[in-house]
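Below: the structure, in structure tokens.
Computed from heavy atoms alone, side chains included, the values below leave out hydrogens, waters and symmetry copies.
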Amino acid sequence: MKEDTSTVNILDKVTKGEDSENEIKMKIARLLSQLDLHLLNHSLKHISLEISLNPTSVKNDIEMLKNFSGKGEQTVLESISYTSDYEFSNGCRAPPWRQIHGEICYVLVKPHDVETLCITCSAEGVFLNGGKTDNEGEINYERKGEIYKDLVTFLKEKSAKFSENMSKQEKRFSDKKEKKEPTNEPPEKEEAAPVQKAITGSGKRTLEKNQINFGKSQMTKRLEPSLRWKATVRFKEYRSLLRDPQEEKHRRRPERSGPPVKPGRAQLVRKSTEKIEEIVSESSSESEEDEEPLDRQEANADLPSEYWQIQKLVKYLKGGNQTATVIALCSMKDFNLAQETCQLAIRDVGGLEVLINLLDTDEVKCKIGSLKILKEISHNPQIRRNIVDLGGLPVMVNTLDSPHKSLKCLAAETIANVAKFRRARQAVRRYGGITKLVALLHCGKSSAELAQSSLYDARDVEVARCGALALWSCSKSYTNKEAIRKAGGIPLLARLLKTSHENMLIPVVGTLQECASEENYRAAIKAERIIENLVKNLNSENEQLQEHCAMAIYQCAEDKETRDLVRLHGGLKRLASLLDNTDNKERLAAVTGAIWKCSISKENVTKFREYKAIETLVGLLTDQPEEVLVNVVGALGECCQDYENRVLVRKCGGIPPLVNLLVGVNQALLVNVTKAVGACAVEPESMMIIDRLDGVRLLWSLLKNPHPEVKASAAWALCPCIQNTKDAGEMVRSFVGGLELVVNLLKSDNKEVLASVCAAITNIAKDQENLAVITDRGVVPLLSKLANTNNDKLRRHLAEAISHCCMWGRNRVAFGEYKAVAPLVHYLKSDDPNVHRATAQALYQLSEDADNCVTIHENGAVKRRKMENLFENCHLCQRKVETHLRCVARSARDGSGSAAGVMPHGLHRWKCSVCTVTRRGSKDASSQ
């Protein structure tokens, strides 16, 4: 910056001839002033480049991310929600004592590929905090990572799936922006022109500066596009749809001096408030319906004539007598209420309030007409929310007590449409709707009459159907599921399941399918003998009913007893036959899911092999959506636990498509495909194919996956691959950085990851060169840190890994130095015999060091009772190991060196055929 000396030159002329001392003081003062101005400009330049968030921008980001979150693979997130529902007047949700630190709010985000993140949004930026504490659920406010400029940038860094789906959204944004910008720019210029004329002097300069800063911020946003564009697009679309008719009449009137109120602004604010309330659902069965897509078709400049005709009818509803009201309702029902324009026309002039008020009248005809219209228009997501805001649900719940069956049916159907989001389901439960809906299932018939469909009264059947439909919508909440169970809904649903009315069976099975995700329900379903009827309804010709029955079996088949019941009632054959129809992907996903869960039982796998289901499943490994592939691969993973099925999969050409699926990003699919590949790798011929297709390298690369379940599954799959590969040691060393990656995974906090990695290290350490490498990478101290664990699965594989790692250098001594010996002795108290065997093997290797012998003896390993309990099924092993440990004790007492030095003459290594552990034994061990 070039220094401005003009003021100093002027000062020279003014003070010429005056005292030189004053002249110097004035010059210094002016120079200091210039320096101050220079520093101020320099600071402002840097400050303008920094990102400073505010509550409005954070809220907009969160609201937009909510709109595109859900369970689908195309959504950017599974869920996003605030930790607090209370919003202060300044827009912040953080407590006041945290707001002074610049913090705005705290958000719980569940991406598709990583665990739930607890995020702090502050004026400085977005960062990861310590999460919620276990005791009181308070937030640990301490920052745990770097600060990012906004929420989207943070999530791009943390979640690969979010970044991928965001890229798709950004591409759509670019395409739409090119189309919309030419039409949007001219009005903005025309609107800005009169404003600029009124600005003069310093105000104009201020506006120019603001425009420059605005341009910079816009450039920054182009570099990092977010989801906010969708809000802008929607707002413009809604504005054209929701424009008040009075505004259309007076559009050409002169503008007021104050800022105009944009139509739809109140709705946008209300929508934001509603979205904040829709936090992560209580149940895993919550679907994307909680975050319904809000995209609308482009509205024409001129609304159709039906829009104005419906608004006239609403006026008659407001001011007419009883006869006029009934006629207006009938006339309104003649319109196509499934059309969005007609739905919005009713809402825009206050028709919803009138329709809900009519439900409080005593006129049955008015109530029926109102409910018929509400039932049709409540398919619209915004209408649903407006009905809840206006208090429509309590009135509908009260209508369920009406003696008129038509009113009950219409009220229940409308509740079924409205209860598609969490807040509505809460309202139904809060006003006693669950109990009343369960009461509708009685049908007015005894259980003996239910088997005879001819005895049904059509109206009673319809009442029960509508009640089941409403319960289906409400059952997406865990609390509502419990309320249905406590209200006695399960026996009634079981009774209705025996009917032959398909329109009744679909909502009944749908409700059972939702509720079967809870263990209490699965126990009740078995007690009511519902599985038999589910299998029976699989034989129906209705594809939707087949889908829901298969999905219910999928949910219930977590229990072995249920899997056995499905086999006993002939459900496996029907499921196998339904695999032949692949046109209906939703049904195919449900059927393959049921087959997957049923395949957990070996008896069912044998049946599936008889029904040729395995060959069909192999054929479904290509050209299918991911929801089908997850189930197909999961079923094959269970079936391939048997040798015959592994051979069958190989002969059917199933290995190549399985290996190809290892490059995907779907977490559930990766977990299942790694298990299937690992099961196939047990067979040497299949392993050759996997190795030729570079499958081992793909499995190794999955150890870098951020999801713990994928890491663990990949590590388990690597174990048979290493065991059944020729030159396995050379293959493992060929992966650059592979051994270091495995060792670093011992720092994980996930027990399953640790157990699987220990198992992999056990196989890796069988090669001396690989053992030397992982020893240099610090495997001994990392294994030693894990010794104090109570997890038997981890104990077993940890002991095996320690046993094999003792074979190199001074690793035995190092394990003793890192205090790993004493905890291993306590493993002998476990109830798992596999832990006993692995521990005995590890103690045998460690006892080759004298100091370890002392530690083993001091911790009470040499006790006859322990030895008898430890190897009660193997008397030979018990006798020989007991002899060895007596020598360990003698070595510890005498200080005479290792146990091997004091062993009785003639003992050498022998292999126990029962315990599969190499120990010291007599020469005639094999003869014994």
Side-chain angles (χ1 to χ4, degrees), residues 66 79 81-87 137 270-287 289-292 352-353 355-360 367 370-371 374-375 378 381-402 407-441 463 466-490 492-493 507 510-511 514-515 517-518 520-521:
K66 277 188 176 183
S79 62
S81 61
Y82 294 101
T83 58
S84 172
D85 291 335
Y86 184 77
E87 182 177 343
R270 190 187 313 122
K271 171 188 164 186
S272 301
T273 305
E274 293 164 353
K275 279 291 182 184
I276 292 171
E277 296 176 1
E278 293 181 24
I279 60 176
V280 180
S281 174
E282 302 164 284
S283 171
S284 60
S285 60
E286 291 280 1
S287 65
E289 290 172 327
D290 274 18
E291 302 290 347
E292 289 135 340
L352 286 178
E353 294 91 327
L355 291 173
I356 291 172
N357 288 337
L358 287 175
L359 298 180
D360 283 329
K367 288 184 176 182
S370 175
L371 283 172
L374 287 172
K375 183 187 75 170
S378 58
Q382 285 301 312
I383 299 291
R384 287 200 280 263
R385 287 170 171 78
N386 294 139
I387 290 173
V388 176
D389 291 338
L390 296 170
L393 280 177
V395 185
M396 295 178 192
V397 169
N398 291 334
T399 306
L400 295 175
D401 295 327
S402 172
L407 280 177
K408 288 182 178 181
C409 291
L410 290 170
E413 281 189 286
T414 310
I415 290 173
N417 292 339
V418 174
K420 298 291 186 183
F421 62 103
R422 185 174 183 267
R423 188 158 53 92
R425 290 191 286 268
Q426 285 180 336
V428 174
R429 182 180 69 251
R430 187 166 58 248
Y431 294 110
I434 300 296
T435 305
K436 295 179 181 180
L437 289 172
V438 170
L440 298 183
L441 302 179
V463 170
C466 295
L469 201 62
L471 288 175
W472 190 6
S473 295
C474 294
S475 63
K476 290 179 172 61
S477 163
Y478 170 77
T479 311
N480 284 355
K481 291 176 186 178
E482 284 298 303
I484 293 171
R485 185 178 64 83
K486 292 178 180 178
I490 299 178
L492 295 174
L493 290 171
T511 306
E514 290 290 345
C515 295
S517 60
E518 305 302 325
N520 291 338
Y521 265 91

Practice problem: Using distance alone, with no hydrogens and no angle criterion, decide if K481 and S517 have a side-chain donor and acceptor under 3.5 Å apart. | Solution: yes
Report yes if some heavy atom in the side chain of [X] is under 4.5 Å from a heavy atom in the side chain of [Y]; otherwise report no.
{"X": "K367", "Y": "L410", "value": "no"}
{"X": "R429", "Y": "S477", "value": "yes"}
{"X": "L471", "Y": "L441", "value": "yes"}

If I take atom [atom1] from residue [X] and atom [atom2] from residue [Y], how far apart are they, to the nearest 0.5 angstrom?
{"X": "R422", "Y": "S81", "atom1": "CZ", "atom2": "OG", "result": "9.5 Å"}
{"X": "L352", "Y": "I383", "atom1": "CG", "atom2": "CD1", "result": "5.0 Å"}
{"X": "E353", "Y": "D389", "atom1": "CD", "atom2": "CG", "result": "10.5 Å"}
{"X": "K375", "Y": "I415", "atom1": "NZ", "atom2": "CD1", "result": "13.5 Å"}
{"X": "T511", "Y": "L469", "atom1": "OG1", "atom2": "CG", "result": "8.0 Å"}

Exercise. List the steps and the verdict of side chain to side chain contact (heavy atoms under 4.5 Å, CB included) for T479 and Q426.
Key: CA-CA 9 Å; T479 311; Q426 285 180 336; over 6 Å; no
Residue pair [X] / [Y]: nearest heavy atoms and the distance that separates them:
{"X": "A427", "Y": "L393", "result": "CB-CD1, 3.7 Å"}
{"X": "F421", "Y": "V388", "result": "CZ-CG2, 3.6 Å"}
{"X": "L359", "Y": "S370", "result": "CD2-OG, 3.9 Å"}
{"X": "K408", "Y": "S402", "result": "CE-O, 2.7 Å"}
{"X": "G391", "Y": "I356", "result": "O-CG2, 4.5 Å"}
{"X": "L400", "Y": "A412", "result": "CD2-N, 3.9 Å"}

Quiz prompt | I434, I484, N480 screened by side chain to side chain contact (heavy atoms under 4.5 Å, CB included) with S475, the one that passes | solution = I484
Under the 3.5 angstrom rule, does the side chain of [X] hit a backbone N or O of [Y] as a donor-acceptor pair?
{"X": "R425", "Y": "C474", "value": "no"}
{"X": "R385", "Y": "P381", "value": "yes"}
{"X": "Y521", "Y": "R485", "value": "yes"}

Exercise. Any chance you could lay out the side chain to side chain contact (heavy atoms under 4.5 Å, CB included) test for L437 and L440, step after step, and finish with the verdict?
Key: CA-CA 5 Å; L437 289 172; L440 298 183; 4.1 Å; yes
Quiz item: What residues form a side-chain hydrogen bond (donor to acceptor under 3.5 Å, both in side chains) with K436, not counting sequence neighbours?
Solution: D401
